Amino acid sequence: MVNEEIARLFERMARVLAFKGGDRFRIMAYERAAVSIRDLEQDLAAIAAEGKLEEIPGIGKDLSEMIGEYVHKGRIGRYERECRGIAPELIDLMSIPGLGPKTLALLHKKAHVNDFDSLMRCLDCAAVAKLKGFGAKKVENIRRGIELWVASQKRMLIGVALPLAENLLEQIRSNRLVERAEVAGSLRRCRETIGDLDILITSKDTPLALNQLTKLPVVRQVLETGDTKAAVIIEGGIHVDIRAVAAESFGAAMQYFTGSKRHNIHLRKIAREHGLKCNEYGLFRGSRRIAGAKEKDIYAALHMAVMPPEMREDRGEIEAALACKIPKVIELADLRGDLHTHSTWSDGKSTLEEMVEHAEALGYEYIALTDHSPSERVAHGLDRTRLEKKIEAVERLRRIRKNRLPHILMGAEVDILGDGRLDYPDDILARLDIVVAGIHAAFKQTKDQITGRYIDAIANPAIDILAHPTSRLIGSREPLEFDFDAVVRAAVEAGVALEINGSMYRLDLSDVMAKTAQEAGALLAIGSDAHSTAQMDQICYGIFQARRGWVEARSVVNTWRWKDLTRWLGRAHGNKVLQFRKAVSA
DNA sequence: GCCGTTTTCGGCCCGACTGTTTTCAGTCG
């Protein structure tokens, strides 16, 4: 997809302009456009072909022309002209914390810094501390920034960040000076990756509390301490900002630091329209605070319903809140079962029995045991013989457990082969209670090939759920390129559910794609893809992702009662499905 | 560079911390 390439180009354009000392609002315009493009589901090339680029927020006449040029020629003349005489490596350095455009420009001009090596050499040289605005501490700050930059090139997966944050929060709360402590920031919004942690506290003695918190056992390095804020690095190399606020401002601060940046900018704009000022201390009319202690009061004072933190990305939630149309998004408690799990029969670590018992402990009404098909050799995919043995094993387990819940669905995660066929013959597929199908190989096919492959697979009446549709691995494998809208349309028509895979490494569908799919009327399924009993609990990450995509429980098949689920699984393909959907939602 | 109940020009969110400064610029979130 060309979207990411163009988003990066606009980001770089903003940096180049900042480096050259350009107009800051022009710089902001490029940054805003980059964020806006990343939020898009549709391919920019397709939007350009329809002539609808200027309908994208933040894209006007100039930027749409630049996008059009990139789509046709693979380059943007204006960008290349702006970059003339500036080494790309120099612009890369602006990712280093503490090294902004002004500082970098000065180092470039006065100390001939052009890339990482010349920057390091320059910092080692005594003359650098004599530059205007420089001193020993500033040099030391940039050095620390470089260390951080090198260490934090990769953002943390939410599944890594959340347990660390919970541990830290527990330590902070056990300090007797701390009255209250909560996580804000991107972790509270449950983004799929987390850059750093934001923690808010209230305390009777703020400076002393902050000082003590910087001495917690998990703290490895103190970056700064003030009267209202401390910044530390904790074990695992995670950057944590701890901010202290007064109780009457706590809600305002939670709102402010939960973000996102775009959500906050939009909110403050609305405050201004009401003649109010919104900051981390509260909502003010003149100097009088009209809200601040509770987060919901901030929104209420702006005539808005409060929305879940996961929705606060400025993707329409503010308009929805103003219209009192915030949807009731799915919660963990809505789940009645897990439809994507593995056992020791293929590459799982827990036995069938253990998986079923854990599902019972979670209070599930049903669980599908979906081990791999034979093409997945590394995962010990089941051939016909072993699959038949597993069917017998499941039947035995059902007999032993008699009427105890959960109901057990004998299933498989079937590979969608390169030509769109499923990895089991029809007679075997017919013996399965549930078929979850996904792409596990031949990722390099063209966009049209992948699209066709999915549409062929969906046309097979055996398939119930399309597993991890983009097959991405966050931070290590790019998503498959295909015509998402066409695949969603096919899935809606066939009554096939699209998965939101809850594995922290996948989270696939993405938030934006899940939203698009639901809006198109698609059914969804949230699966843990667990390879052990412990991983079954991690389905919460799938719930977070669904909430970020505004997904409501009614769209998710594994929130349905057993009776409705089995009716859906036993459905006939084609138009009957639509009637079935109406019956379920009624 | 974008945008419009402030509408084709003149705005564009706001405050804390740091370091080097003696009143502020740069950076960050």
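Note that the structure is a prediction, hence the values are computed from the model and not measured. Every chain is numbered from 1 and lettered A, B, ... according to where its sequence line falls, protein lines coming before strand lines.
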Could you state the [atom1]-[atom2] distance from [X] to [N], rounded to the nearest angstrom?
{"X": "A:Glu273", "N": "B:dT6", "atom1": "CD", "atom2": "C1'", "result": "10 Å"}
{"X": "A:Phe19", "N": "B:dT27", "atom1": "CZ", "atom2": "P", "result": "12 Å"}
{"X": "A:Trp149", "N": "B:dT27", "atom1": "CH2", "atom2": "C1'", "result": "17 Å"}

Can you tell me how far CG of A:Leu210 sits from NZ of A:Lys215, rounded to the nearest 0.5 angstrom?
11.0 Å

Please, which pairs that meet ring-ring contact (aromatic ring centres under 6.0 Å, His included) have at least one residue in residues 17-60 of chain A, sequence neighbours excluded?
A:Phe10-A:Tyr30, A:Phe19-A:His108

Using a cut-off of 4.0 Å between protein heavy atoms and nucleotide atoms, how would you tag nucleotides 15-22 of chain B 5' to 3' with B, S and -?
SSSSSS--

With rounding to whole Å, what would you report as the distance between B:dT21 and B:dT27 at their P atoms?
15 Å

Could you tell me whether the phosphate oxygens of B:dC12, OP1 or OP2, come under 4.0 Å of any side-chain nitrogen or oxygen in A:Arg272?
yes

Using a 6.0 Å distance limit plus a 45 degree cone around the ring axis, check whether A:Lys138 lies over the aromatic ring of A:Phe134.
yes

What's A:Ile59 touching, base or sugar-phosphate or nothing? Going by heavy atoms closer than 4.0 Å.
sugar-phosphate

What nucleic acid atoms does A:Leu17 come within less than 4.0 Å of, heavy atoms only: base, sugar-phosphate, or nothing?
nothing

Start with the C-alpha distance between A:Tyr281 and A:Glu248, add both sets of side-chain angles, then the distance that settles side chain to side chain donor-acceptor pair (under 3.5 Å), and finish with yes or no.
CA-CA 8 Å; A:Tyr281 303 108; A:Glu248 61 266 30; over 6 Å; no

Specify the residues of residues 63-92 of chain A, ordered by number, for which at least one heavy atom lies under 4.0 angstrom from an atom of DNA chain B.
A:Leu63, A:Arg78

Is any side-chain heavy atom of A:Asp198 closer than 4.5 Å to one of A:Leu187?
no

